[in-house]
Each structure stands twice: as structure tokens, then as C-alpha cells.
Amino acid sequence: MKLKKDFYTRTDVVQVAQDLLGKYLYTNHDGLLTGGMIVETEAYSGTNDKACHAHMNRRTRRTEIMYHEGGVAYVYLVYGMYNLFNIITNVEGSADAVLVRAIEPTEGIEEMLLRRNMVTPKPNLTAGPGVMSIALGIDRSHYGAPLTGDTIWIEDKGIALSAEGIAVGPRIGIDYAGEDALLPWRFWLKGNKWVSRKK
DNA sequence: CCACTGATTTCCT
DNA sequence: GGAAATCAGTGGA
């Protein structure tokens with residue numbers, strides 16, 4: 001069943017990032033359904049996290065949506081090239097977000113292959129936040145989209161994960177964040193080949 | 001296997 | 001002007 005708003009408005013973004021593992025992310029564009037199981041996430045904790053775009057209460061046109069109440073999408077362009085998909089969590093004004101870095105594709109694989117210009121499903125179809133967005137057809141038109149709507153949403157299919165099955169480590173690509181780069185806020189499914197990087 | 005690099009736009013200094 | 005929550009390709013060991 002589709003996750004409701006109260007899943008996203010919880011106040012512990014690190015916990016929400018963990019809970020998103022094993023859930024299913026879907027997009028539906030003009031009847032084209034694509035999606036898969038979330039296997040890798042990272043937590044970004046609002047204004048006190050040096051790696052977060054909203055660090056020090058920064059407000060720009062890009063970051064404005066981060067202050068919204070949980071349950072909407074934050075999509076932004078990185079390296080001038082890739083649209084990264086984030087889930088806004090917590091209450092209004094908190095600016096917490098979860099970056100979804102990888103899914104294991106299950107739905108609409110043919111369509112995802114077309115979008116990625118690939119012939120055979122391989123991990124680089126959806127393993128990594130940039131390529132995952134391409135495969136799912138996510139771009140900045142989804143900025144602020146409610147995850148309780150019917151364009152982009154997340155479902156709980158009752159997959160139960162044990163604590164031993166979840167790996168924890170520092171976040172990727174944020175070395176500029178000083179000591180906050182060491183925080184163990186990246187979560188992935190141990191041994192899953194659709195995770196963007198090993199170890 | 002690893003290190004390095006180009007692509008390209010948004011935002012900050 | 002420079003760096004950025006990335007990726008694919010190249011070339012060398």
C-alpha cells in the first residue's frame with residue numbers, strides 16, 4: 001500500500017532513510033509505470049548538516065521546498081547534468097531530506113532501458129542517483145510533487161528487513177562537509193548488486 | 001585494477 | 001571564477 005503523509009512527517013530523518021529500504025518507488029508518466037525496490041538511501045539533516053543544501057538556513061529557489069512539510073519531492077540538478085531525487089521529511093521548517101541513491105528495478109524495465117539507451121538490464125540501469133532518475137523519468141518538473149499523488153509515490157509491500165541485512169556507512173560525494181562527511185548516514189542492503197557502490 | 005577527465009548549469013564568493 | 005549529493009569513457013599499471 002502507498003505510504004501516507006505520516007510516514008514522511010516523522011522527525012527522525014535518519015530513521016526514515018533506513019525505513020525506506022525495501023519500499024517500492026514508482027513513477028507513472030502518461031500510463032508508463034516504472035519502479036523498483038529502494039536499496040540505497042542517504043539522510044540529510046536540515047540546517048545543522050554541512051552536507052545539506054539547507055545548511056545554515058540557506059534559502060534559494062532551489063532549496064525552498066526543503067522547508068516544506070514532509071511528503072513532497074525535492075529534485076535538483078547536480079554537476080550541471082543529473083537530476084537527483086530526494087524525499088522531504090519532518091515538519092514544516094525543518095529542511096530534512098532523504099536522497100534515494102538506487103533501486104532494484106521490478107516494473108517497466110523495458111521502458112527504463114529505452115530511457116537509459118541500454119539493451120540489457122545491468123546494475124548501471126538504476127544504481128546511482130543520477131541514472132536512477134533518468135530510468136524513472138524524474139526531472140525538475142517533479143520538484144515539489146506530493147508523494148501521496150499518482151505521478152510519483154512509494155509503496156510498502158510488507159518486505160521485512162533484519163538489522164543484520166542493512167549496511168551503514170558515510171555518505172558519498174560530500175567530502176566538502178568536513179566532519180559531517182563522516183556521519184554514518186548512508187544505508188544500503190548488504191550484498192545487493194543494485195547498490196551504487198560496494199562497501 | 002586504478003586515476004583522471006569532460007560534460008554543463010546552478011549557486012555562492 | 002569555482003565548485004558541485006554524478007557518470008561514462010580513457011589510458012596506464
Side-chain angles (χ1 to χ4, degrees), chain A residues 8 13-14 16-18 20-21 25 36 38-68 70 72-90 94-105 112-145 147 152 154 167-189 193-199:
Chain A
Y8 304 105
V13 65
V14 176
V16 175
Q18 256 183 101
L20 281 165
L21 293 175
L25 172 63
I38 297 173
V39 297
E40 183 180 0
T41 62
E42 287 179 2
Y44 287 84
S45 184
T47 58
N48 293 318
D49 177 2
K50 287 200 184 76
C52 183
H53 292 154
H55 178 54
M56 298 294 285
N57 234 5
R58 182 169 33 173
R59 280 181 190 259
T60 65
R61 201 166 48 187
R62 181 176 72 158
T63 63
E64 194 58 38
I65 198 69
M66 298 190 78
Y67 297 87
H68 193 280
V72 297
Y74 168 42
V75 182
Y76 74 95
L77 190 70
V78 76
Y79 300 113
M81 223 176 243
Y82 296 102
N83 293 299
L84 267 53
F85 170 70
N86 297 253
I87 295 158
I88 298 304
T89 73
N90 210 330
S94 70
D96 289 357
V98 176
L99 170 67
V100 179
R101 293 188 53 91
I103 64 171
E104 175 174 332
M112 291 195 275
L113 288 170
L114 283 176
R115 289 173 182 159
R116 290 281 290 124
N117 198 23
M118 291 170 61
V119 229
T120 315
K122 288 179 295 188
N124 69 340
L125 178 64
T126 55
V131 293
M132 184 196 80
S133 291
I134 297 171
L136 292 175
I138 296 173
D139 59 34
R140 275 164 294 163
S141 71
H142 299 93
Y143 182 93
L147 300 174
I152 179 165
I154 298 171
V168 178
R171 295 170 292 178
I172 289 185
I174 52 148
D175 293 344
Y176 58 87
E179 71 272 17
D180 287 352
L182 303 174
L183 291 168
W185 284 356
R186 173 176 175 241
F187 304 96
W188 68 97
L189 297 188
K193 67 173 180 176
W194 299 93
V195 170
S196 71
R197 303 191 196 182
K198 295 167 192 166
K199 263 249 138 97

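Chain identifiers are assigned alphabetically (A, B, ...) following the order of the sequence lines, protein sequences preceding nucleic acid strands; residue numbering begins at 1 within each chain.
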Listed nucleotide nearest any side-chain atom of Leu84(A), set dA5(C), dC11(B), dC7(C): dA5(C)
5'-most by nearest nucleotide on DNA chain B - Arg140(A) or Met81(A): Met81(A)
Euclidean distance, atom OH of residue Tyr82(A) to atom C1' of dC7(C) [Å, nearest integer]: 4 Å
Using a 4.0 Å heavy-atom cut-off, does Gly130(A) contact any base of the nucleic acid, only the sugar-phosphate backbone, or nothing at all? sugar-phosphate
So what does Arg171(A) touch, heavy atoms closer than 4.0 Å: a base, only the sugar-phosphate, or nothing? nothing
Which whole-number value in Å describes the distance from Arg59(A) CZ to dC12(B) C1'? 18 Å
Between Met132(A) and the options Val100(A), Leu84(A), Leu125(A), the side chain to side chain contact (heavy atoms under 4.5 Å, CB included) test singles out Val100(A)
Close side-chain approach of Asp49(A) and His55(A), heavy atoms under 4.5 Å: no
With rounding to the closest Å, how many angstrom separate the P atoms on dG2(C) and dT5(B)? 16 Å
Can you tell me the pairing partner of dG11(C) across any strand shown, Watson-Crick or G-U wobble, with both distances under 3.5 angstrom? dC2(B)
Stacking between Tyr44(A) and dA5(C), defined as ring centres under 5.5 angstrom apart with planes under 30°, is that present or not? yes
Rounding to a whole Å, what distance do you find between Phe85(A):CZ and dT6(C):P? 16 Å
Under the side chain to side chain contact (heavy atoms under 4.5 Å, CB included) rule, what do Leu25(A) and Ile152(A) come out as? Steps first, then yes or no, please. CA-CA 8 Å; Leu25(A) 172 63; Ile152(A) 179 165; 4.2 Å; yes
Whole angstroms only, please: what is the CZ-C1' distance between Arg62(A) and dC11(B)? 6 Å
Answer yes or no: does a side-chain N or O of Arg116(A) lie under 4.0 Å from OP1 or OP2 of dA8(C)? yes
Atom-pair distance (CG on Leu125(A); C1' on dC7(C)), nearest Å: 14 Å
Ring-face cation of Arg61(A) near Tyr143(A) (centre distance under 6.0 Å, axis angle within 45°): no
Separation of dT10(B) C1' from Arg61(A) CZ (nearest whole Å): 9 Å
Atom OH of Tyr176(A) and atom P of dC12(B): how far apart are they, to the nearest Å? 13 Å
Take atom P in dA5(C) and the same atom in dT13(B), then report the distance between them in whole Å. 14 Å
Would you mind reading off the distance between Met66(A) atom CE and dT10(B) atom P, rounded to a whole angstrom? 18 Å
Under 4.0 Å between any heavy atoms, over every strand shown, what does Leu99(A) touch: base, sugar-phosphate, or nothing? Just pick one. base
dT8(B) pairs with, by Watson-Crick or G-U criteria that keep both distances under 3.5 Å: none
If every non-hydrogen atom of Thr63(A) is compared with every non-hydrogen atom of Arg59(A), which pair is closest and at what distance? OG1-CA, 3.3 Å
Looking only at side-chain atoms of Asn124(A), point me to the closest of dA8(C), dA5(C), dT10(B). dA8(C)
Taking the minimum atom-to-atom distance to the side chain of Arg58(A), which one of dC12(B), dC7(C), dA5(C) wins? dC12(B)
Test Val14(A) against Phe187(A) for side chain to side chain contact (heavy atoms under 4.5 Å, CB included), laying out the working first. CA-CA 9 Å; Val14(A) 176; Phe187(A) 304 96; 3.6 Å; yes
